[in-house]
Amino acid sequence: MSSILHGGCLCGAVHYRVHGQPFHVTHCHCVSCRKASGAAFVTWFTVRLIELEWLGEKPLFYHSSTAALRGFCPHCGATLSYQHESDPDDIDLTAASLDMPDVLVPEFHIWWQDHISWGEPQQQAVLPVHARSRD
Ligand SMILES: [Zn+2]
Ligand SMILES: [Zn+2]
């Protein structure tokens with residue numbers, strides 16, 4: 001895996017560079033991630049806070065609970081980061097905001113108790129696949 005990863009938001013105003021090794025590549029199915037992103041689940045990877053460099057504009061941060069801070073682009077709203085005060089030295093970044101997300105390999109699902117039934121991997125596997133949009 002590359003030791004430097006690049007990523008950013010949809011509009012490109014906020015982007016970032018990560019030095020160091022990502023860990024805890026995780027699909028999170030919690031209600032909070034779903035509501036923040038509008039997606040069935042969010043895939044995160046964790047890095048040391050000191051290994052993350054925000055480039056361009058800084059994200060805005062929203063306290064989704066008293067202990068949790070979610071970073072997003074102030075222009076396009078893209079979900080970018082998650083920090084919890086119980087892990088002050090770490091930050092989670094959205095794996096899908098990476099420029100080359102295929103370098104990561106998800107390791108597990110968390111908050112499965114909150115998962116949407118149609119968000120299950122088995123459900124995904126049986127659906128018809130279209131290379132681009134369905135016409
Ligand atoms: Zn943006
Ligand atoms: Zn979550």
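Numbering of ligands and ligand atoms starts at 1, following listing order.
- Here Cys11 reaches the Zn ion (ligand 1): one of its N/O/S atoms is less than 2.8 Å from the metal.
- Between His29 and His109, the angle of the ring planes lies from 30° to 60°, which puts this pair in the tilted group.
- Using a 3.5 Å distance cut-off with no hydrogens or angles, the side chains of His84 and Ser86 do pair a donor with an acceptor.
- His29 lies apart from the Zn ion (ligand 2) in this respect, since none of its N, O or S atoms is found at a distance under 2.8 Å.
- Between the side chain of Thr43 and the backbone N or O of Ala95 there is no donor-acceptor pair closer than 3.5 Å.
- For the pair SG of Cys28 and SG of Cys33, the angle whose vertex sits at the Zn ion (ligand 2) is 120° to 10 degrees.
- Remark: Leu127 CG is packed, more than 12 non-hydrogen atoms of other residues, nucleotides or ligands lying under 6.0 Å away.
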